[in-house]
Amino acid sequence: MSDNKPPDMDEVKGRSRPRGGVPPVRIPPLGAQPILGENDEPLSMSEQAAILTDPTNPLSPMYDPSAAAAHPPPPQGSPRPPAARTRQPLTVLPEAARSQPGFRPGAGAMVSGNQPDLQSGRAQSGILSPETSDGLHALANFQEAAEAHQKKVVDDARAAQRSDPVREMLAQAGIEDEDLLEQFKNEMASNKLANAALRKAIELRCTPLDFDQLMEDGEARQAVEIRRTTQKVKGLSVVFRTISAGENLELRRMMFNDLYGEAYVREKFSILQLAAGLFSINERPLPTHLKEGYFDADLFSEKLKMVMRYPVVMMASLSINYSWFHDRTEDLFVDMGEVKNG
């Protein structure tokens, strides 16, 4: 029994061996770019295949640095394979290239491959391919749009802060505490006319009270801008005056026979005090209720009729601001200087 294996059919037919001593055909990778020789001469398909399938050649898509390190280049003086480089893609030069030094006119002059003198100085001359130029323009436009958007966001935020009356009031007072701002806003939401934030904002706009005027004339006045005037709406500015002790007694006497309940009496007295303490509204003086410096019931009755015609919400705001004005006049008499031992 023979141990010989039956011959392979391909060996019998000789398909695995080239005929006539012709070497096998080598084809470069189909996706690779064409390769030129050192002097831009075209290389044969076999030469290109040898380069592009060599894992030690950097031009090969199969290049493996570890394989290249394991096979160092031949020593000096040994025959070397022809140097090769990939063919650079051709691009159309911009019109500015015509004015550049080294430009060669003629057929196909605007093709980058036909202008070798421009290629070497391209970076210095500022000539860019249309694709690169378009990309840079797109990047510049995007950056410009982004900066404009960012500026708008910042400007809108600053405008929102300027339009916030509570924030503006606190800023004028040198307060930048966000927790305090939120507290003031909550207080304003619960009581719009009588709260610390609104009072602070109004008092920042008040003219100072004059203690000398109060002592010499027996009466002090203060302009109070309750609502600022805008281009669309006329504001509300009043001048309050202090009332004398005699005026105060006359007002209380007018309440003597009222038996309509505590709330009524309290609100009526507040209105009477306001009528006596109002000197002018929006720079228009109200009729005086004094005759030769003393309270006159008939004159006060005419002034009270005028004041009573104002809307309820306006009267509420005026009454609150008059009470704040009264507090400020009391502050004129508060002197907490250093106490020295005798």
Side-chain angles (χ1 to χ4, degrees), residues 164-175 177 180-215 217-230 233-245 247-249 251-252 255 262-263 265-286 289 300 303-304 306-308 310-336:
D164 188 334
V166 179
R167 185 183 295 275
E168 183 180 353
M169 175 270 297
L170 292 177
Q172 292 179 4
I175 301 174
D177 191 325
L180 186 59
L181 172 66
E182 193 65 26
Q183 176 184 341
F184 280 168
K185 284 186 174 181
N186 292 336
E187 188 178 353
M188 287 190 70
S190 60
N191 192 342
K192 294 182 179 180
L193 295 179
N195 61 77
L198 180 60
R199 178 174 181 172
K200 186 67 177 179
I202 291 175
E203 289 182 341
L204 286 171
R205 301 192 291 263
C206 286
T207 59
L209 276 164
D210 189 345
F211 183 76
D212 291 340
Q213 180 189 41
L214 180 63
M215 298 303 296
D217 301 340
E219 175 181 319
R221 299 174 187 173
Q222 186 179 47
V224 180
E225 192 177 18
I226 298 175
R227 191 184 191 285
R228 290 172 295 178
T229 299
T230 66
V233 180
K234 184 175 179 60
L236 176 60
S237 180
V238 301
V239 175
F240 290 124
R241 58 175 294 275
T242 56
I243 62 176
S244 65
E247 291 175 78
N248 191 59
L249 283 176
L251 297 178
R252 292 186 180 277
M255 303 291 301
E262 181 181 351
V265 172
R266 185 167 55 249
E267 183 169 353
K268 181 177 179 181
F269 186 70
S270 175
I271 294 174
L272 294 178
Q273 274 193 321
L274 176 63
L278 270 174
F279 180 80
S280 69
I281 297 179
N282 287 345
E283 302 181 358
R284 295 173 60 182
L286 275 66
H289 60 278
F300 183 78
K303 184 178 183 180
L304 181 62
M306 178 180 294
V307 173
M308 291 287 284
Y310 297 146
V312 172
V313 65
M314 179 176 171
M315 290 292 291
S317 177
L318 292 175
S319 295
I320 292 170
N321 275 276
Y322 181 76
S323 68
W324 293 340
F325 163 74
H326 182 74
D327 290 344
R328 292 192 293 273
T329 58
E330 288 183 344
D331 291 341
L332 293 177
F333 294 89
V334 176
D335 184 3
M336 299 294 290

Report all side-chain donor-acceptor pairs from residues 315-325 shorter than 3.5 Å, counting only partners two or more places apart or in another chain.
unit_1 : atom_1 : unit_2 : atom_2 : d
Ser319 : OG     : Met315 : O      : 2.8
Asn321 : ND2    : Ser317 : O      : 2.9
Ser323 : OG     : Ile320 : O      : 2.5

Using distance only, find each side-chain donor-acceptor pair of residues 275-283 under 3.5 Å and give its atom names and separation, not counting sequence neighbours.
unit_1 : atom_1 : unit_2 : atom_2 : d
Asn282 : OD1    : Ser237 : N      : 2.8
Asn282 : ND2    : Gly235 : O      : 3.3

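In this structure Arg266 satisfies the salt bridge (Lys or Arg N to Asp or Glu O under 4.0 Å) test together with Glu262, sequence neighbours excluded. Residues forming a side chain to side chain contact (heavy atoms under 4.5 Å, CB included) with Leu332 (at least two apart in sequence, or on another chain): Leu209, Phe211, Leu214. Listed by chain and number, the residues in a side-chain hydrogen bond (donor to acceptor under 3.5 Å, both in side chains) with Arg241 are Glu219, Glu247 (sequence neighbours excluded). For the salt bridge (Lys or Arg N to Asp or Glu O under 4.0 Å) test, residues two or more places apart in sequence or in another chain that qualify with Arg199 are Glu203, Asp327. Taking Phe269 as the reference, nothing meets the ring pair (Phe, Tyr, Trp, His ring centres under 6.0 Å) condition, with sequence neighbours excluded. Remark: Asp335 engages no residue in a side chain to side chain contact (heavy atoms under 4.5 Å, CB included) (not counting sequence neighbours). Evaluation of the side chain to side chain contact (heavy atoms under 4.5 Å, CB included) rule for Val233 yields Arg227, Thr230 as partners, not counting sequence neighbours.
In this structure, Ile202 CD1 and Arg228 CZ are separated by 10.0 Å, a value rounded to the nearest 0.5 Å. To the nearest 0.5 angstrom, Asp210 atom CG is 11.5 Å from Met215 atom CE. Annotation: the span from Met308 atom CE to Leu274 atom CG amounts to 11.0 Å, rounded to 0.5 Å. Summarising the geometry, atom NZ belonging to Lys234 is positioned 5.5 Å from atom OG1 belonging to Thr229; distances are rounded to the nearest 0.5 Å. To the nearest 0.5 Å, atom CD of residue Gln273 and atom CD1 of residue Ile271 are 11.5 Å apart.
Pairing each heavy atom of Ile243 with each of Leu251, the nearest pair is CD1-CD1, 4.2 Å. Ala220 approaches Gln213 most closely through the heavy-atom pair CA-OE1, 3.6 Å.
Glu267 CD: 12 or fewer foreign heavy atoms inside a 6.0 Å radius.
Among pairs with a residue in residues 310-319, none fulfils salt bridge (charged side-chain N to carboxylate O under 4.0 Å, His left out), at least two apart in sequence or across chains.
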